[in-house]
Amino acid sequence: MSLIFWKPGTAGPGSNVDRASEKEENVVPYAPQDSHLSIQRQQERLPIYKHKEKLLYCIEKYGVMIVVGQTGCGKTTQLPQYLLQAGWAADGLVIACTQPRRIAATSVASRVADEVGTKLGNEIGYTIRFEDVSSKENTRILYMTDGMLFRETLVDPLLSRYSVIMVDEAHERSVYTDLLLGILRKIRKKRPALRIIVSSATLDAMKFFDYFSQGSSPEECTIVSLEGRMYPVEVAYLSEPTADYIQKAAEVVWNLNLQEGSGDILVFLTGREDIDRCLQELSDMLPTLPVRARRLIPLPLHAGLTTDEQLLVFQPAAAGTRKVIISTNIAEIRVYHPTTTLASLATVPISAASATQRAGRAGRTAPGICYRLYPASFFNALALTTSPEITRTDLTTPILQLKSLGINDLMKFDWVSAPPAETVLRALEGLYAAGMIDENGKLTPMGEKVSECPVEVGIARMLFRSKEYKCGEEILTIAAMTTVQDVFIIPDGASGALAELERRKFTAEEGDHLTLLNAYNAFTRYGRSSGWCKSHALSFRAMSRAISIRAQLKKYMLRFNLPIESCEGDSKRLARCLVSGYWRNGARWMPDGTYRSVRGNLVLHVHPTSVLFTRKPRTGWVIFHEMEETKKAQSVRPL
DNA sequence: GAGCACTGC
């Protein structure tokens, strides 16, 4: 946890880069034989546009260019434009720039279209899931999510329509970024004309450089540094660790506010619960605030808020007031990767790289101070970076996709960071058990088709088996509903108990999957309105997303000649079909109220959000969507 | 009897 202090009149976290500073960046290119330490030594203060020719020279000469620079140094918006001007998009070729997140792909594309003075979707476009604002004929610069480009390799393995591919924010190391880099390295061997730009934060640049230069000629790879301007940020530590960092955060905010001077405050906490408590602590102190001190405006910032509520934090504080934004790492958008593992939502210490980047937030527009709510010795003991997501997540679906690309020997695949061998073995074993690969590890006809479907393997399997059980209509809905999260919410101003009552109206005796089906059907029956959702404690955003996903999956079913029939209320048939997808996720009810998993014989508890939390399963057996570690222990969401 | 950091196709 850390606390950041920045000057007023600026948008604060997550804001767009300020354009003024873009004209004053440094560009320090150097050849691969130089030590990476020379990034620091060779600081020349030269603007990016003056080095346009040098950048273009590097991309011409080297196949792969690693660009080091902070968020806001202009690489995302300017570099593709330089390439366009230099003719890299001639002959119908396209310059791609990938982003780990949808929001970044759309907002950057629209900004570049503005700068170029063209309508978005024409010369400059973007492609994200469910939205293709680009033109096959006219688009020359295409911003897209990295997942989208990875998927395109399944259709066009050499990505032949692209001349340059820039993988932006690569240091975040999302699963798709890593997969994409692995594929791009292979593509370059077969199509050396393709140019690759990997944009990364300083700390990770050498990793990418080593990866791309391994076993290739010295002409293959280079690093260019575009270090951005930063104001000094002082870092303060606690002299002793605190037992209650939430209260400590509130105290530090309070003391800061009593000091002279202007400036807003940004606090990072681990989750929503902590944020609410910190806000409470602050508001308890508010009545004692001296008249001459600035009035504190505490603002929460987390994903549970609506877009409008999130936008509140960007409004400048009025005269005589000071914003205190208390945030989860949503405020670190475009800056780093998550700090916890995927399997459990345990809170883990921040990495040194993330902590440094957070501190940098305070120096974007003026000098600032970062207060770390732990002793300096703790900082020195932090891991340098967070491990890449690919090393700590299930790889069943990615491996099926790699197989589909013809990469058969996964033990020999050159990963940027190799996942544990056990994860790969478990994925292969799962794919074999699901009938997606044969005993030689080759894709089966069903595996071939499933690799194209944008859902997890089990869900896809269930969609294919729905033909047999004549329930495609319902399974399609359930597949869509299980992939959106947070369907049931507590609307603003409503009590949790009331929301619970509303939720019960959709409850199916059979379990959560049929409950989701009921909610979806009611939503479509009653006009798909946000008002209706609010009065029934459903998230309109989640429901709308379910509609999009269902429509997308339906296209795949039609393409694979799978009938979309209704089971006409026959829940037995539906249950059988569900088991065909979730057959590995079975558990048995025990007289003490817990469950035992079929695989591994683990002790499981029903998650409190499940409709089976208050019920006993009729048959004594359940299947569940997912298993996660909570404060209690493993819990499941059963059928 | 008890809970939800953040993405992506």
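All values derive from a computational prediction rather than experimental measurement. Just so it is clear: chains get the letters A, B, ... in the order the sequence lines come, proteins before strands, and each one is counted from 1.
- F378(A) does not carry R372(A) over the face of its six-membered ring by the limits of under 6.0 Å from the centre and within 45° of the normal.
- Among the nucleotides dC4(B), dC9(B), dG8(B), the one closest to any side-chain atom of R101(A) is dG8(B).
- With a 6.0 Å radius and a threshold of 12 heavy atoms from other residues, nucleotides or ligands, E456(A) has its CD atom at or below the threshold.
- Note on T145(A): only backbone sugar-phosphate atoms sit closer than 4.0 angstrom, heavy atoms only; bases stay farther off.
- In this model, the phosphate group of dA2(B) is not approached by any side-chain N or O of H605(A) to a distance below 4.0 Å at OP1 or OP2.
- A straight line from CZ of R129(A) to C1' of dT7(B) spans 13 Å, rounded to a whole angstrom.
- Side-chain nitrogen and oxygen atoms of R173(A) include none within less than 4.0 Å of the OP1 or OP2 phosphate oxygen of dT7(B).
- In this structure, the CD atom of E389(A) is 7 Å from the C1' atom of dT7(B), given to the nearest Å.
- When rounded to the nearest whole Å, the span between CD1 of I103(A) and P of dT7(B) equals 10 Å.
- Taking atom CG of L395(A) as the reference point, atom C1' of dC9(B) lies 15 Å away to the nearest angstrom.
- The separation between Q552(A) atom CD and dG8(B) atom P is 14 Å, rounded to whole Å.
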Given the rule in the salt bridge (charged side-chain N to carboxylate O under 4.0 Å, His left out) test, do R101(A) and E172(A) qualify, once you have shown the distances and angles that lead to the verdict?
CA-CA 11 Å; R101(A) 275 174 293 280; E172(A) 289 194 23; 2.8 Å; yes
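- At whole-Å resolution of the value, CG in L604(A) and P in dA2(B) are 15 Å apart.
- Base contact: T614(A) has a heavy atom under 4.0 Å from a base atom.
- If you find the closest nucleotide of DNA chain B to R545(A) and to D486(A), the one lying nearer the 5' end belongs to D486(A).
- Proximity note for M148(A) (side chain, C-beta onward) versus dA2(B), dC9(B), dT7(B): the nearest is dC9(B).
- The side chain of F613(A) sits closest to dG1(B) out of dG3(B), dG1(B), dG8(B).
- Straight-line distance from the CZ atom of R392(A) to the P atom of dT7(B): 15 Å, rounded to whole Å.
- Ionic pairing of D486(A) and R541(A) is not present here: no N-O contact between side-chain nitrogen and carboxylate oxygen is shorter than 4.0 angstrom.
- Panel note: side chain R461(A), backbone A434(A); a donor-acceptor pair is recorded below 3.5 Å.
- Between the CD atom of E169(A) and the P atom of dT7(B) there is a distance of 14 Å, given to the nearest Å.
- Contacts of F150(A) with the nucleic acid, taken as non-hydrogen atoms under 4.0 Å apart, are absent.
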